[in-house]
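Report on the structure given below.
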Amino acid sequence: MTHTSILSLLGAADLSLAPIDVTAVLDRLVQQADADAATSIGFPGAVDLDHSKVMARLGSRLWNNIGDPADPGGTAHTRVLERAVITWVADILSMPADDRWGYVTTGGTEGNLAALHAAYRRYPTARIYYSTAAHYSISKTAAILGARSVVIDARPDGEMDYAHLAAQVRRRRRWPAIVVATAGTTMTEAVDDTTRIRAVLDEYGAGGHLHVDAALSGIPLALDGRLRLDDAGGIGSIAMSGHKFLGVPTPCGVVLIRDGVRSHSSHVAYTDTVDTTITGSRCGLAAALLWHAIATHGREGHRWRVSEARTLAAYAVNQLTAAGWPAWRHPHAFTVVLATPPEQVRKKWLLATDGDTSHIICMPGVSKGQVDAFVADIAAAAPPRSIPQSRLSPQSPTPPLGTDCLPMPSTDRHGGEFI
Ligand SMILES: Cc1ncc(COP(=O)(O)O)c(C=O)c1O
């Protein structure tokens, strides 16, 4: 929403002024969101799924899944759908049926908190390792838990630097390690290699816990068979967002934790539920929306969505580079990383920007027409200033033929190591 439209809405929405034209305020919000939608390709929310059936039938009452998904009681709740969602996601991740537990969260952030809370209760002296490309919810979670963090370098393409991880784990081998891998980093959609991370932990006998923050890429990579929580992989937990790949129209997510990692929780007498989750009351509507999105498309339907979105992302890279604008993507990614365009293009297309680089995300529902219009705006803009050779990384992903490679800077937003 633009600054001017926020200001005009603020006046109309001021609750100290009566009478308020409620319909006009709500209509204005919808109009603005509709207007933004045509150029909203900077953030990862799928827009191809129709959730209206659930909203129409369930949207006007409270559905509260308070307590554990396995709890039977309470008034209007959707725990039966929540359990089905958890089972489906755990199944596509090949998680052992006898060692899995999870619930529908408020989003990826709560999933990270729930998983790292469980891991830290199990290993209270652990150091929490994550890369500079990890989402800010990880450093925040470590701070909430009062845990010591160790920030690991990320390569310019966003993937963790495993040699740096090994060096840091070796220095602290007397303490257990909780390592957070990211499957789909926020800026470049890089995927950390959990096999290499597990090998580092095994080499230094650091044991501990491996969590995967898969907010964006969890379901796509699971459908590829590339992300597995089977016994061989040694991953203890995973968190995903539900409003990203599944495009659910309310923030939500799924967390899955190996059952053996969880600690015991208390029974709450007045709700007659078990307190296993981070929040108390939990949104049953979100569970129903997730269930509906999965039920109406199934594995094959969602695989098709992944493949269409990747095809569009590859097309976007080709069109940008053909227009002389440096751009690249990881082979599995919906995210296209490009040299930061001039301000008017950034603002119009609501781009996520980090210094020299920006990205667009070709989520399911983004159209070829939108990509073409974006590329036309880019082509009409000033050519990008050249990127210094020192910023080009030998470890950058191999770009498609004829594609310039523009790596991400390695940003250490957390000021390095916290020990
Ligand atoms: C890698 C990663 N983790 C976690 C999150 C947070 O997810 P949510 O907004 O669902 O809390 C994001 C959001 O963009 C993310 O990119």
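Counting starts at 1 for both ligands and their atoms, following the listed order. Along the sequence shown, the residues carry numbers beginning at 1.
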Discussion item. Check contact between Asp213 and ligand 1, using heavy atoms of the residue and a distance below 4.0 angstrom.
Written reply: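 Yes; Asp213 lies near enough to ligand 1 that a heavy-atom distance drops under 4.0 Å.
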Worksheet item: Among Arg282, Glu82, His77, Arg79, which one satisfies side-chain hydrogen bond (donor to acceptor under 3.5 Å, both in side chains) with Asn65?
Response: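 Considering Arg282, Glu82, His77, Arg79, a side-chain hydrogen bond (donor to acceptor under 3.5 Å, both in side chains) with Asn65 is found only for Glu82.
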Among protein heavy atoms, which sits nearest to [atom], and what does the distance come to when rounded to 0.1 Å?
{"atom": "atom 16 (O) of ligand 1", "result": "Thr186 OG1, 2.9 Å"}
{"atom": "atom 8 (P) of ligand 1", "result": "Gly108 N, 3.5 Å"}
{"atom": "atom 15 (C) of ligand 1", "result": "His135 CD2, 3.4 Å"}

Check each atom of ligand 1 against the heavy atoms of [X] and keep those under 4.0 Å away; list them by number with element.
{"X": "Ala215", "value": "2 (C), 3 (N), 4 (C), 5 (C), 12 (C), 15 (C)"}
{"X": "His243", "value": "9 (O), 10 (O)"}
{"X": "Gly107", "value": "10 (O), 11 (O)"}

Fill in: Exercise: identify the closest heavy-atom pair between Asp91 and Arg100
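Looking at all heavy atoms of both residues, the closest pair is OD1-NH2, 2.8 Å.
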Worksheet item: Rounded to the nearest 0.5 Å, what separation is found between the CE atom of Met55 and the CG atom of Asp50?
Response: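 If I round to the nearest 0.5 Å, the distance is 11.5 Å.
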Discussion item. Other residues, nucleotides and ligands only: do more than 12 of their heavy atoms fall within 6.0 Å of CH2 on Trp101?
Written reply: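 Yes - once you tally the heavy atoms of other residues, nucleotides and ligands closer than 6.0 Å, there are more than 12.
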Discussion item. Does Arg303, at its CZ atom, have more than 12 non-hydrogen atoms belonging to other residues, nucleotides or ligands within less than 6.0 Å?
Written reply: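 Yes - once you tally the heavy atoms of other residues, nucleotides and ligands closer than 6.0 Å, there are more than 12.
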Any N or O of [X] that comes nearer than 3.5 Å to an N or O of ligand 1?
{"X": "Ser137", "value": "no"}
{"X": "Ser241", "value": "yes"}
{"X": "Gly184", "value": "no"}
{"X": "Lys244", "value": "yes"}

Practice prompt. Could you give me the CA-CA distance, side-chain angles and deciding distance for Thr340 and Thr357, then say whether side chain to side chain donor-acceptor pair (under 3.5 Å) is met?
Written response: CA-CA 5 Å; Thr340 295; Thr357 53; 5.3 Å; no
Discussion item. I need the contact type for Glu110 against ligand 1. Using non-hydrogen atoms and a strict under-4.0 Å cut-off, is it side chain, backbone, both or neither?
Written reply: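 Neither part.
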Worksheet item: At a non-hydrogen distance cut-off of under 4.0 Å, which region of Thr109 contacts ligand 1 (side chain, backbone, both, or neither)?
Response: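 It is both backbone and side chain that touch ligand 1.
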Worksheet item: According to the interplanar angle, ranging from 0 to 90°, do the rings of His330 and Trp328 count as parallel (below 30°), tilted (30 to 60°) or perpendicular (above 60°)?
Response: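 Answer is perpendicular, since the angle exceeds 60°.
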Worksheet item: Is the NZ or CZ atom of Arg346 positioned over Trp349's six-membered ring, under 6.0 angstrom from the centre and within 45° of the axis?
Response: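 Here Arg346 fails the 6.0 Å and 45° test against Trp349.
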Discussion item. Leu210 and side-chain contact (heavy atoms from CB on, under 4.5 Å): which single residue from Asp192, Ile178, Val180, Ile235 fits?
Written reply: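 The passing option is Ile235.
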